[in-house]
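What follows is a single structure, written as structure tokens, with notes after it.
Hydrogens, waters and symmetry mates are skipped; everything else that's a heavy atom, side chains included, is used.
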Amino acid sequence: MTDRIFYQQITFLHSQDLQATRHFYNEVLGLPLVRDQGSCLIFSVTESAYLGFCEHITPIKIGRRVILTLVTNNVDEWYAVLKDRGVDLISEPKSNPLFQIYHFFLNDPDGYWIEIQRFDQPL
């Protein structure tokens with residue numbers, strides 16, 4: 001029997017401006033750029049999870065259609081850093097008892113919603 005375990009995960013989304021995307025994800029969020037394919041960029045989020053942005057993918061409508069969630073224990077620190085860097089912040093950090101999280105939202109250069117959160121009970 002073959003090994004059917006997935007060992008990596010990549011989510012690909014459209015980018016209107018790869019240079020703005022590179023700057024935001026690499027310089028602002030500090031995600032390492034692990035692959036530049038010319039019309040696509042792939043950033044490492046964790047040891048085995050990645051975000052990819054490509055010019056040729058059909059864009060989706062702006063708004064709360066896709067939420068990229070980055071989980072950290074340092075939600076307030078990230079909020080302060082991103083506020084200082086002039087990032088388009090949608091909300092301030094707050095508790096959400098329904099989902100048992102502490103989080104805030106921001107926009108990336110293409111209008112994708114990013115959630116920075118901490119689980120009250122880690123996964």
Side-chain angles (χ1 to χ4, degrees):
M1 180 168 215
T2 61
D3 184 5
R4 291 193 178 106
I5 295 173
F6 298 110
Y7 63 93
Q8 291 179 332
Q9 183 275 326
I10 305 173
T11 299
F12 283 99
L13 297 168
H14 170 77
S15 173
Q16 187 66 34
D17 181 345
L18 282 177
Q19 291 308 319
T21 297
R22 177 191 303 259
H23 172 76
F24 181 80
Y25 284 92
N26 186 240
E27 301 297 323
V28 176
L29 291 182
L31 300 182
L33 177 65
V34 295
R35 187 74 43 98
D36 182 342
Q37 299 172 312
S39 65
C40 291
L41 302 173
I42 301 175
F43 300 91
S44 176
V45 179
T46 69
E47 194 173 294
S48 61
Y50 302 87
L51 283 174
F53 295 91
C54 301
E55 295 172 321
H56 65 275
I57 294 175
T58 303
I60 59 173
K61 293 181 181 180
I62 300 299
R64 197 174 176 170
R65 298 184 184 275
V66 171
I67 299 175
L68 304 173
T69 300
L70 302 173
V71 180
T72 179
N73 288 325
N74 303 310
V75 172
D76 290 325
E77 290 176 39
W78 270 108
Y79 182 81
V81 166
L82 296 174
K83 186 175 182 177
D84 287 346
R85 292 180 181 172
V87 170
D88 181 14
L89 299 170
I90 298 171
S91 65
E92 295 182 358
K94 62 183 175 187
S95 292
N96 183 324
L98 177 63
F99 296 109
Q100 300 177 345
I101 59 173
Y102 182 68
H103 68 140
F104 69 93
F105 292 98
L106 58 120
N107 276 318
D108 86 346
D110 285 298
Y112 295 115
W113 280 42
I114 298 175
E115 177 184 34
I116 307 291
Q117 82 165 42
R118 179 186 71 230
F119 286 103
D120 294 342
Q121 304 275 328
L123 294 177

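- The side-chain heavy atoms of T11 and Y50, taken from C-beta on, include no pair separated by under 4.5 Å.
- With hydrogens and angles ignored, the 3.5 Å screen pairs a side-chain donor or acceptor of N96 with a backbone N or O of F99.
- With F105 as the aromatic partner, R64 meets the cation-pi criteria of under 6.0 angstrom to the ring centre and within 45 degrees of the ring axis.
- For the atom pair L106 CG and R85 CZ, the distance stands at 12.0 Å (nearest 0.5 Å).
- To the nearest 0.5 Å, atoms OG1 (T21) and CD (E55) are separated by 9.0 Å.
- With hydrophobic clusters built from ILVMFWY side chains whose heavy atoms lie under 4.5 angstrom apart, I10 does not share a cluster with I5.
- Under 3.5 Å, the side chains of S39 and Q37 contain no donor-acceptor pair of N or O atoms.
- The minimum heavy-atom distance between F53 and S15, with the atom names listed, is CB-CB, 3.9 Å.
- No more than 12 heavy-atom neighbours from other residues, nucleotides or ligands sit within 6.0 angstrom of CZ on R35.
- The neighbour count for Q16 CD, taken as heavy atoms of other residues, nucleotides or ligands under 6.0 Å away, does not exceed 12.
- When hydrophobic clusters are built by joining Ile, Leu, Val, Met, Phe, Trp and Tyr residues whose side-chain heavy atoms come closer than 4.5 Å, directly or via intermediates, L33 is grouped together with I114.
- The CZ atom of R118 sits 15.5 Å away from atom CH2 of W78, with the distance rounded to the nearest 0.5 Å.
- Side-chain heavy atoms closer than 4.5 Å link hydrophobic residues (I, L, V, M, F, W, Y) into clusters, and following such links, possibly through other members, connects L18 to I60.
- Contact annotation: the side chain of V71 approaches that of F119 to within less than 4.5 Å [non-hydrogen atoms, C-beta and beyond].
- Residues W113 and F104 are members of separate hydrophobic clusters, defined by side-chain heavy-atom contacts under 4.5 angstrom among Ile, Leu, Val, Met, Phe, Trp and Tyr.
- Put simply, the side chain of N26 gets close to the backbone of L31: a donor and an acceptor are under 3.5 Å apart.
- The side-chain heavy atoms of Y102 and P93, taken from C-beta on, include a pair separated by under 4.5 Å.
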Verdict with supporting geometry, S91 and H103, side-chain contact (heavy atoms from CB on, under 4.5 Å): CA-CA 9 Å; S91 65; H103 68 140; over 6 Å; no
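- Heavy-atom contacts from other residues, nucleotides or ligands closer than 6.0 Å to CD of E92 number 12 or fewer.
- Atom CG of L51 and atom CG of D108 lie 9.5 Å apart (nearest 0.5 Å).
- Heavy-atom minimum distance, A20 versus P109: O-CG, 3.7 Å.
- No continuous path of hydrophobic side-chain contacts links L41 to V34 [ILVMFWY only; heavy atoms under 4.5 Å].
- Residue L89 holds its CG atom at 5.0 Å from OH of Y79, rounded to the nearest 0.5 Å.
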Test side-chain contact (heavy atoms from CB on, under 4.5 Å) applied to I90 and N107, step by step: CA-CA 7 Å; I90 298 171; N107 276 318; 3.6 Å; yes
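- In this structure, E77 and T72 have side chains that are not in contact, with every pair of non-hydrogen atoms separated by 4.5 Å or more.
- No side-chain donor-acceptor contact under 3.5 Å links H14 to the backbone of T58.
- Contact check for V28 versus L82: side-chain heavy atoms found under the 4.5 Å cut-off.
- Distance alone, capped at 3.5 Å, places no donor-acceptor pair between the D110 side chain and the Y112 backbone.
- The only option from L68, V75, I101, L70 that meets the side-chain contact (heavy atoms from CB on, under 4.5 Å) definition with E115 turns out to be I101.
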